[in-house]
Peer 1: 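My structure is below; once you've seen it, I'll send some questions.
Numbers for residues simply follow the sequence, beginning at 1. The structure displayed is predicted, hence computed values, not measured ones. Start at 1 and go down the list; that is how both ligands and their atoms are numbered.
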Amino acid sequence: MAQILDGTPVRAQILASLKPRIEGLRRPPGLAVLLVGHNPASEIYVRNKIKACAELGIYSELLTPPESITTEELLETIEDLNRRADIDGILVQVPLPAQVDSRRVLEAVAPDKDADGFHPLNVGHLVAGRPGPRACTPAGIIELLKYYRVGIEGRRAVVLGRSDIVGKPMAFMLLHENATVTICHSRTSNLVEECRRADILVAAMGRPALVTSEYIAPGATVIDVGMNRITDLVEATRLGKAAEFERKGTALVGDVNPVDVARVASAYTPVPRGVGPLTIAMLMANTVALAERRACSA
Ligand code: NAP
């Protein structure tokens with residue numbers, strides 16, 4: 001029977017390891033979160049991030065400028081946060097409103113306060129294998145693979161998706177762990193064959209249950225990053241999610257068919273409670289590391 005790679009104990013271990021590091025600092029690490037306007041999904045993510053800070057003893061500050069804010073006004077807010085001595089990490093929740101130049105805003109965050117690891121300088125550090133804040137979701141996946149002792153070195157890893165926040169950083173992190181890495185995307189020919197060669201398959205496309213049994217080599221480890229809400233009862237039932245649908249009126253599915261993966265893989269992350277719990281844990285880890293670095297250089 002396939003092993004379920006539950007993210008919950010991995011998160012607990014990461015957070016427990018941060019507590020003594022936080023206590024060892026002269027002042028609590030500080031994280032500023034910028035949430036523009038009212039996007040319901042973003043509001044839930046941000047609430048969970050703030051809650052995690054409170055539980056760990058990280059100082060957090062939530063800034064909620066109105067939907068109508070301009071790029072220039074946001075840049076000023078970020079400059080203020082860049083200058084503040086009590087703020088170690090800055091997180092700009094995306095998506096930003098259409099009138100805002102998202103790239104300029106994200107790149108205005110000082111690289112040494114970049115809690116998400118998205119700044120081009122930190123992306124460069126990742127590519128070069130140098131220390132620095134890392135994109136949280138892929139960094140959490142590496143922690144999960146290590147926690148469950150899934151060997152990475154010398155294995156063939158296929159990453160489905162090439163986004164800046166998941167697919168690309170995931171590929172580099174697996175490469176630095178000495179996997180042989182292939183990145184696939186919407187223009188990849190022979191997607192099924194590419195995926196079937198994977199010892200470790202990471203699906204990060206945002207396509208509900210696209211990865212079916214023919215994509216998965218028997219015995220592979222499958223990491224499902226996708227978070228897709230389905231609203232069709234027949235589809236939910238086909239994917240073994242009827243009970244959840246009955247309770248909530250919708251069901252959460254990943255990019256991997258949950259029935260097929262349990263049958264074919266040797267190990268896989270469930271949705272929910274697989275990769276999801278790790279993203280916020282790694283945001284906390286980045287914030288603590290940024291605070292430690294600032295404390296050392298002060
Ligand atoms: P994204 O920016 O939309 O990127 C999706 C990627 O998948 C793109 O590179 C796209 O290829 C590729 N793709 C789309 N359809 C494809 C297909 N049919 N065949 C092959 N490749 C395909 O998405 P993202 O931000 O990386 O997020 C991906 C998923 O992960 C989403 O469901 C998101 O909600 C979830 N997510 C979860 C967490 C978590 O904490 N659990 C964190 C972040 C994201 P092209 O580049 O060619 O368009």
Peer 1: Please answer whether the main-chain N or O of Glu107 pairs with a side-chain N or O of His119 as donor and acceptor at a distance below 3.5 Å.
Peer 2: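 Pair found, side chain donor or acceptor close to backbone of Glu107.
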Peer 1: Please determine whether side-chain hydrogen bond (donor to acceptor under 3.5 Å, both in side chains) holds for the pair Tyr45 and Glu43, giving the CA-CA distance in whole Å, both sets of side-chain angles, and the decisive distance to 0.1 Å.
Peer 2: CA-CA 6 Å; Tyr45 294 143; Glu43 282 172 354; over 6 Å; no
Peer 1: Main chain of Leu126, side chain of His176: is a donor-acceptor contact present, judged purely on distance under 3.5 Å?
Peer 2: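 Yes; judged by distance alone, with no hydrogens or angles, the pair exists.
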Peer 1: Run the contact test for Cys184 against ligand 1 with a 4.0 Å cut-off on heavy atoms, strictly below, and give the result.
Peer 2: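 For ligand 1, residue contact (heavy atoms, under 4.0 Å) with Cys184 is absent.
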Peer 1: Is it true that Leu160 lies under 4.0 Å from ligand 1, counting heavy atoms only?
Peer 2: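 Contact absent.
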Peer 1: Please work out, at 4.0 Å between heavy atoms, whether the side chain, the backbone, both, or neither of Val225 comes within that distance of ligand 1.
Peer 2: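 For Val225, the contact with ligand 1 is made by both the backbone and the side chain.
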Peer 1: Is it the case that the side chain of Glu73 and the backbone of Thr70 share a donor-acceptor pair, with hydrogens and angles ignored and the cut-off at 3.5 Å?
Peer 2: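 Pair found, side chain donor or acceptor close to backbone of Thr70.
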Peer 1: I'd like to know whether ligand 1 has Gly276 as a neighbour, heavy-atom separation below 4.0 Å.
Peer 2: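 Checking ligand 1 against Gly276, which is what was asked, there is a heavy-atom contact under 4.0 Å.
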Peer 1: Where is the nearest protein heavy atom to atom 29 (C) of ligand 1: which residue, which atom, and how far?
Peer 2: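 Heavy-atom neighbour on the protein nearest atom 29 (C) of ligand 1: Gly206 N, 3.5 Å.
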Peer 1: side-chain hydrogen bond (donor to acceptor under 3.5 Å, both in side chains) between Thr180 and Arg156: does it pass, once the steps are laid out?
Peer 2: CA-CA 5 Å; Thr180 301; Arg156 216 184 272 276; over 6 Å; no
Peer 1: Mind checking whether Thr188 has a heavy atom under 4.0 Å from ligand 1?
Peer 2: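 Contact absent.
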Peer 1: At what distance is the nearest protein heavy atom to atom 26 (O) of ligand 1, and which residue and atom is it?
Peer 2: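 It is Ser163 OG, 2.5 Å.
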Peer 1: What protein heavy atom sits nearest atom 15 (N) of ligand 1, and how far off is it?
Peer 2: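 Checking every protein heavy atom, the shortest distance to atom 15 (N) of ligand 1 gives Arg207 NE, 3.1 Å.
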Peer 1: Hey, could you give me each pair passing side chain to side chain donor-acceptor pair (under 3.5 Å) that has a residue in residues 186-212? Not counting sequence neighbours.
Peer 2: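 Non-adjacent pairs meeting side chain to side chain donor-acceptor pair (under 3.5 Å): Thr212-Glu214.
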Peer 1: Which residue holds the protein heavy atom closest to atom 11 (O) of ligand 1, what is that atom called, and what is the gap in Å?
Peer 2: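 Of every protein heavy atom, Ser186 N, 3.2 Å lies nearest to atom 11 (O) of ligand 1.
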Peer 1: For atom 43 (C) of ligand 1, what's the nearest protein heavy-atom neighbour? Residue, atom name and distance, please.
Peer 2: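 It is Val166 CG2, 3.8 Å.
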Peer 1: Quick one: nearest non-hydrogen protein atom to atom 7 (O) of ligand 1, plus distance?
Peer 2: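 The closest one turns out to be Met205 CA, 3.3 Å.
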Peer 1: Can an N or O of Met227 be found at a distance shorter than 3.5 Å from an N or O of ligand 1?
Peer 2: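 Checking ligand 1 against Met227, an N or O pair does fall under 3.5 Å apart.
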Peer 1: Has the side chain of Asn82 got a donor or acceptor atom that lies under 3.5 Å from a matching backbone atom of Ala108?
Peer 2: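 Yes; judged by distance alone, with no hydrogens or angles, the pair exists.
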